[in-house]
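Here is how names work: the chains are called A, B, and so on, in the same order as the sequence lines, proteins then strands, and each is numbered from 1.
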There are 2 protein chains.
Amino acid sequence: MTIEQAACALRARQVSAVELTREALARIERLNDRLHAFITVTGEQALVAAARADQELARGVDRGPLHGIPVALKDVFATRGVRTTCGSKIFADYVPDFDAAVTERLHAAGAVLLGKTNMHELAYGITSANPHYGAVRNPYDPDRVPGGSSGGSAVAVAAGMVFIAMGSDTGGSIRIPAAWCGVVGLKPTFGRVSRFGVLPLDFTLDHMGPLARSVRDAALALEALAGHDPRDETSSRQPVERYLPPEEPSLAGMRLGLPENFYFERIAPAAAEAVRKAARLAGEAGAAIVPVRVPDVAAMNQISRIILLAEAAAVMQPYFERREDFGEDVRLLLEQGMLLSATDYIQAQRLRRVMRDQYRRVWCDVDCLLTPTTPFPAPRLGQVDVVWNDGIEDLRLAATRLVRHLNLFGWPAISIPCGLDPAGLPLGLQIAGPPFSEARLLRVAAALEARLPKAGPPAL
Amino acid sequence: MTIEQAACALRARQVSAVELTREALARIERLNDRLHAFITVTGEQALVAAARADQELARGVDRGPLHGIPVALKDVFATRGVRTTCGSKIFADYVPDFDAAVTERLHAAGAVLLGKTNMHELAYGITSANPHYGAVRNPYDPDRVPGGSSGGSAVAVAAGMVFIAMGSDTGGSIRIPAAWCGVVGLKPTFGRVSRFGVLPLDFTLDHMGPLARSVRDAALALEALAGHDPRDETSSRQPVERYLPPEEPSLAGMRLGLPENFYFERIAPAAAEAVRKAARLAGEAGAAIVPVRVPDVAAMNQISRIILLAEAAAVMQPYFERREDFGEDVRLLLEQGMLLSATDYIQAQRLRRVMRDQYRRVWCDVDCLLTPTTPFPAPRLGQVDVVWNDGIEDLRLAATRLVRHLNLFGWPAISIPCGLDPAGLPLGLQIAGPPFSEARLLRVAAALEARLPKAGPPAL
């Protein structure tokens, strides 16, 4: 069921918000021990909120499409009175006395919050194998990781526990789990969705966005979330648009770029073929497929890594006395960050501007770019490397290779499912565009979603 | 003679631009061996430019108040075809093939450029005791330093060589030499004057502004210099105002803040008394003198130092192989900067925002702040410490103590002469305000300038 279908059914009294919530809670109850998608389930509060949503609708108070819809929040979003762990032992007992801007906006839209999803510790990794709250499992294969850091959110959506779940994305943390769990993940432009009330991993790379079952659901979520917030210094005053795409969006006249260099090196054949096939379908639907060259992704990833290592270390510095409380992978990253010199960091920031100015010329030639989201589908739990014909690559670096540079520039990108690999694992297609092109990306994504093969939900 | 007087005389044909230029060149010729104010004098080009200015005026082409006026540029501003050393051995032979934005704007305003002024090496210090191009001397006492880093510009103005000279200010580099040489020095708001074509010392602290004989001259210079420049990413689109104050500006209704804490500790009695006297005069002229408390200046100076050390090291990193080519003081600062950690730098940037938010509340209570520019008048050449009753202070830190935090926030400030100390050395009054309050600061400065005792030019 999509949000629009549920919204219709709620208004036609075919279903109540309380019923939707009970069903969702039952599914969480049944699956969470296996999948570890949630750290905290707020069942009682959810039922109260759902009952209120029903009463409001009965009284004619209609908060829009998310009214009465079960949703979840990654455990980085502050929730008043509900603990917010950040997937970390450090914040295991942290109960905020305020709501994050995203939490507020979902409440205001009438959404019913079912709980806080599990994640990679401190949002600093891509496996969501959380040492404190359990390793999140991929619903398509429980021996595989769901991706991260917003792994619990992706699983909650993929496993039908909620309609949408919020994630944060510093170097792919929304798009990677979306790709590996066969759902839609949208990283809006930097500044589009307020970061107020989210523990930062990185001051200049963090983005907040929804994971959803469909492109239209993601668009409805963005409509509820987007807008200026004076409490977030980096929040944009760019006017909010209508993000919901038309019912049968056309691709006629659209110029879709397919990067010839870098993006298709060291890519699993199925992942590359899925994207080329999506491009062919787009071409048949009237889009111009434009081969483009983009600047050196490896250089951009290096810059991005230096900035993230340093800024994350700076954020966590006050807690670093408790270093035994960090998982080993996160501790090692923080230690690396502590060793970086100020000049390295500053040069990375300077190069960031140079690379952005080089890269953004591509937006003169194309309206958006199509790439694989990740070079391969979900890896096995415990896997640390990826083996290619020509060498071995660190799993984290490999998984973030095609997504993280977009955080460097703050550009929007969406990952949509684009079929299954031969082992039945979901593959993701990334569509990226210039600043504040969310409406365009969602239109292209919806057009492709309608044409791409449906993966079908995981068997659970 | 003021710029306005010269402009009248030029238009009345009582004097020609060529005559003004010849006179200025003669004065440079006579005094530069003693004062080392100029690194490069462009006499021939200046006479050609002056002749063209005269021809234009004769033809009725009038470029405004700077038309035909002799000016100078600190040797950080790129000048096409004229070497631009930055006071450094590294750039001793650097001849740019383009003009800095400031150079362009002065040319466009019809100003006659007499040459490039001497400075503290790489603008990284406050004595202007340049090891490569000679120590600039204070015209009030040649055994004393003129201040820096824009020492040559201050001396060129104070010694009557030019009407105005451009400086750059990263932590006081316009205001300190203005104070110690008895001239006016204006640091506009960050983004107000383009930095295009200036070798950066620091990406986020550098400001460009004029040194002048009078407040009105400084205002006329700012009118020629201010405005958006797309080549400087940090250039502001804030509309340019009329900066020239009215002939007899009133202080009625103006709230002038006098900081009670920090600003009057470890201040030479004459310097403190000069500012309190200025405040009394302002009060008599109708201003409300408001005692205010401001955040810890020592903390802000610490933050500012960390940022400057790191960013300057990053800027000069490519040249650091040639470390024997740097003066010892600059080399030590660069070496310190290289040792800073990325997390120190990032925490300083975070604290910078916190302190700004604390400090800016003061602008609700007052329209501007009055403080001494420096805690003492010009020190002796070779002096490295300042001795107080309660201890010894490093000269560089002491001299920048009251000025550098304003660079941290990008706020405008002007230093105007406010009398002589008992030894006959000039003292400076700093007037600081909120972003883009230049017109207000210039009005207050002009009102005080009219009421303060005249120091009289140095005997040369």
Side-chain angles (χ1 to χ4, degrees), chain A residues 170 195-196 199-206 230-235 237 302-321 323 331 333-358 360 409-410 435, chain B residues 170 195-196 199-206 230-235 237 302-321 323 331 333-358 360 409-410 435:
Chain A
T170 305
R195 309 192 294 171
F196 173 76
L199 180 91
L201 175 59
D202 185 295
F203 312 106
T204 63
L205 299 170
D206 288 351
R231 297 166 300 179
D232 172 359
E233 274 214 12
T234 61
S235 176
R237 292 187 178 274
Q302 275 292 94
I303 293 166
S304 179
R305 260 187 96 195
I306 289 170
I307 292 171
L308 176 53
L309 282 169
E311 296 191 4
V315 170
M316 295 312 296
Q317 201 168 24
Y319 309 101
F320 211 58
E321 298 169 8
R323 67 178 67 198
R331 197 183 65 239
L333 288 171
L334 294 175
E335 283 170 351
Q336 278 181 55
M338 300 279 182
L339 294 175
L340 279 173
S341 74
T343 51
D344 286 345
Y345 173 79
I346 293 166
Q347 308 298 25
Q349 291 284 22
R350 294 172 80 184
L351 277 169
R352 179 185 197 169
R353 291 189 284 270
V354 172
M355 301 288 314
R356 182 199 59 200
D357 292 347
Q358 280 180 24
R360 70 177 161 198
F409 310 139
Chain B
T170 304
R195 309 193 294 171
F196 173 75
L199 180 90
L201 175 59
D202 186 296
F203 312 108
T204 62
L205 299 172
D206 289 349
R231 298 166 301 181
D232 171 0
E233 274 214 12
T234 60
S235 176
R237 292 187 179 275
Q302 274 292 95
I303 294 166
S304 178
R305 259 187 96 193
I306 289 170
I307 292 171
L308 175 55
L309 281 169
E311 296 190 5
V315 170
M316 295 311 297
Q317 201 167 25
Y319 308 102
F320 211 58
E321 300 169 6
R323 66 178 69 199
R331 196 183 65 239
L333 288 171
L334 293 174
E335 282 169 352
Q336 277 182 56
M338 301 279 182
L339 294 176
L340 278 173
S341 76
T343 51
D344 287 344
Y345 173 81
I346 293 166
Q347 308 299 26
Q349 290 284 21
R350 293 172 81 185
L351 278 170
R352 177 185 198 170
R353 292 189 285 272
V354 173
M355 301 290 310
R356 183 199 56 199
D357 291 347
Q358 280 179 24
R360 68 177 161 198
F409 310 139

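Within residues 303-311 of chain B, the residues having any heavy atom closer than 4.5 Å to a heavy atom of chain A are B/A310, B/E311, listed by residue number.
Here A/F203 contributes atom CZ and B/R350 contributes atom CZ; the two are 3.5 Å apart, rounded to the nearest 0.5 Å. To the nearest 0.5 Å, the span separating CG on B/D202 from CD1 on A/I346 amounts to 8.0 Å.
For A/E233, the part lying near chain B is the side chain, with the backbone staying farther off; criterion is any non-hydrogen pair under 4.5 Å.
Of all heavy-atom pairs spanning B/T343 and A/A314, the tightest one is CG2-N, 3.6 Å.
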